[in-house]
Amino acid sequence: MNTQKIKIQFTLNNQETIITTYPMKRLIDVLRDDLHLTGTKEGCGEGECGACAVFINGELVNSCLVPIIQVDGTIVSTIENFASDFELDRIQESFINNNGAQCGICTPGMILASSALLMKNANPNEQEIRTNLAGNLCRCTGYNKILDSVKEASKLIRKK
Amino acid sequence: MHISSINVYDAKNIHDVLNLLDKEPGRWSILAGGTDIMVQLDLGTWQAPNLINIWGISDLSGIRINKNEIEIGALSTFSEIINHPIIKKEFPMLIEAAMLTGSIAIQNRGTIGGNIMNASPAADTPPALLAYGAEIELTSKNEVRRLFYKDFHINYKLMRINQDEILTKIILPRTSNKTIDFYQKVGTRAAHSISKACIAVRLTMDKKTITDIKIGLGAVAPMPIRVYMTEDLLKGNKLSMDLIDQAILQIASEIHPIDDIRSNKAYRLRVAINLLRNFLKGLL
């Protein structure tokens with residue numbers, strides 16, 4: 001027997017969004033399949049890799065582990081919200097400058113986790129960066145370039 | 001089970017939850033932060049078709065500091081616990097355990113109540129709660145009762161909770177005694193791994209005599225456990241190499257580790273012994 005679909009209303013990247021779907025549908029599936037925001041990637045689908053990271057009410061979460069019913073009334077921000085039409089975010093710039101991305105699957109999650117860190121600590125040391133990115137797995141670039149990217153982003157942010 | 005077959009009741013407050021559990025005991029499962037249920041749902045192993053969504057119910061979250069105890073709402077996230085200055089000062093092992101639970105994205109979502117109710121023998125916070133002598137509060141429509149957390153887990157995923165009850169609080173007793181805490185988890189990597197073995201100890205000492213000790217362990221039995229006989233052997237005695245050797249023999253007979261994908265029986269036994277021995281030797 002099918003359960004009833006429900007109406008979910010939330011703010012997504014500064015836009016009011018309404019969707020009608022099953023309450024336990026994963027946020028990542030709503031973002032990618034229903035709303036065609038494919039910047040958020042799915043890696044493991046079980047909260048190990050961090051590729052699907054988004055912000056809900058300003059907190060970093062794995063969108064593969066959030067049922068859409070828990071998104072009702074919240075403010076969601078994804079990687080698509082980082083760059084404007086004219087300018088990249090400073091973290092994105094730093095990842096490009098330092099070759100912090102290779103295949104790119106982990107990159108949106110890495111950038112969101114970096115952003116979550118830099119918002120609470122604009123000048124993290126290497127250990128703090130490592131700890132804060134521990135939930136984000138990369139299988140190709142290697143982590144050194146990602147660490148360099150975050151360090152440069154930290155400098156750029158403090159300069160402004 | 002496919003998401004189209006999962007029926008979710010969106011509870012607005014604790015009374016909603018208690019009424020439903022009272023009306024249809026056994027029919028409903030609780031959905032808190034979702035970090036365990038969502039994984040099982042995606043893997044196809046989740047079998048319970050009726051969920052009560054409690055995420056966002058303010059009656060169930062929040063940390064309250066009383067004179068003699070700290071009450072942690074069951075819906076408090078690991079991040080909320082990590083960022084609490086008084087818990088950090090008085091119950092550092094709980095902070096350490098919370099910081100070792102998953103990643104930051106998990107800590108922002110996972111709840112301490114969910115960690116207890118998911119009842120994984122390898123969960124990180126239960127050993128710390130056991131070593132601190134925590135109590136839990138279980139609430140039904142007609143009753144609020146307290147239970148020592150050490151008595152809650154009976155066997156693998158089997159707990160002393162009635163079908164009309166929900167876990168509402170975790171209570172930590174405050175102390176003004178000078179205590180020594182020791183928490184260590186052994187996993188495959190430093191961050192974001194599931195325990196192969198985990199130990200939490202709180203003790204008090206008078207000169208070199210152990211006056212009180214509680215030892216909580218994870219991933220060495222079908223549930224998080226205390227090792228009472230090892231505690232009794234150490235309690236009231238002057239710490240010596242001989243006493244440590246006796247304690248090691250005792251703990252080896254008191255735990256029941258298993259072989260599984262993360263480790264094996266022999267390794268877990270050795271690790272548990274080494275963790276306790278190294279800690280106690282450091283106090284000599």
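To find a chain, count down the sequence lines: A is the first, B the second, and so on, and within it residues start at 1. Hydrogens, waters and symmetry mates are skipped; everything else that's a heavy atom, side chains included, is used.
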Exercise. Side chain, backbone, both or neither: which part of B/N7 has an atom under 4.5 Å from a heavy atom of chain A?
Worked result: both

Exercise. Should A/L137 and B/H192 be marked as a side-chain contact (heavy atoms from CB on, under 4.5 Å) after you check the CA-CA gap, both sets of side-chain angles, and the distance that decides it?
Worked result: CA-CA 11 Å; A/L137 303 183; B/H192 205 347; 5.9 Å; no

For this session: Give, as side chain, backbone, both or neither, the part of A/D72 having an atom under 4.5 angstrom from any heavy atom of chain B.
Result: neither

Exercise. Partners of B/S79 by side-chain hydrogen bond (donor to acceptor under 3.5 Å, both in side chains), sequence neighbours excluded?
Worked result: B/N108

Exercise. Does NZ in B/K157 sit with more than 12 non-hydrogen atoms of other residues, nucleotides or ligands closer than 6.0 Å?
Worked result: yes

Exercise. Given the rule in the side-chain contact (heavy atoms from CB on, under 4.5 Å) test, do A/T3 and B/V8 qualify, once you have shown the distances and angles that lead to the verdict?
Worked result: CA-CA 8 Å; A/T3 191; B/V8 187; over 6 Å; no

Exercise. What do you reckon, is CE of B/M159 surrounded by more than 12 foreign heavy atoms closer than 6.0 Å?
Worked result: yes

Exercise. Roughly how far, to the nearest 0.5 Å, is CG of A/N62 from OG of B/S103?
Worked result: 5.5 Å

Seminar exercise, completed: Applying a strict 4.5 Å limit to non-hydrogen atoms, the region of B/L43 in contact with chain A is side chain

Exercise. What is the distance from atom CG of B/D36 to atom CG of A/L65, rounded to the nearest 0.5 Å?
Worked result: 9.0 Å

Problem set entry | Inter-chain contacts: residues 44-61 of chain A against chain B, heavy atoms under 4.5 Å | A/G45, A/E46, A/G47, A/E48, A/I56, A/E59, A/L60, A/V61

Problem set entry | chain B contact residues among residues 5-37 of chain A, heavy-atom distance under 4.5 Å | A/Y22, A/P23, A/M24, A/K25, A/R26

Problem set entry | Pair listing, ring pair (Phe, Tyr, Trp, His ring centres under 6.0 Å) test, anchored in residues 34-55 of chain B, at least two apart | none

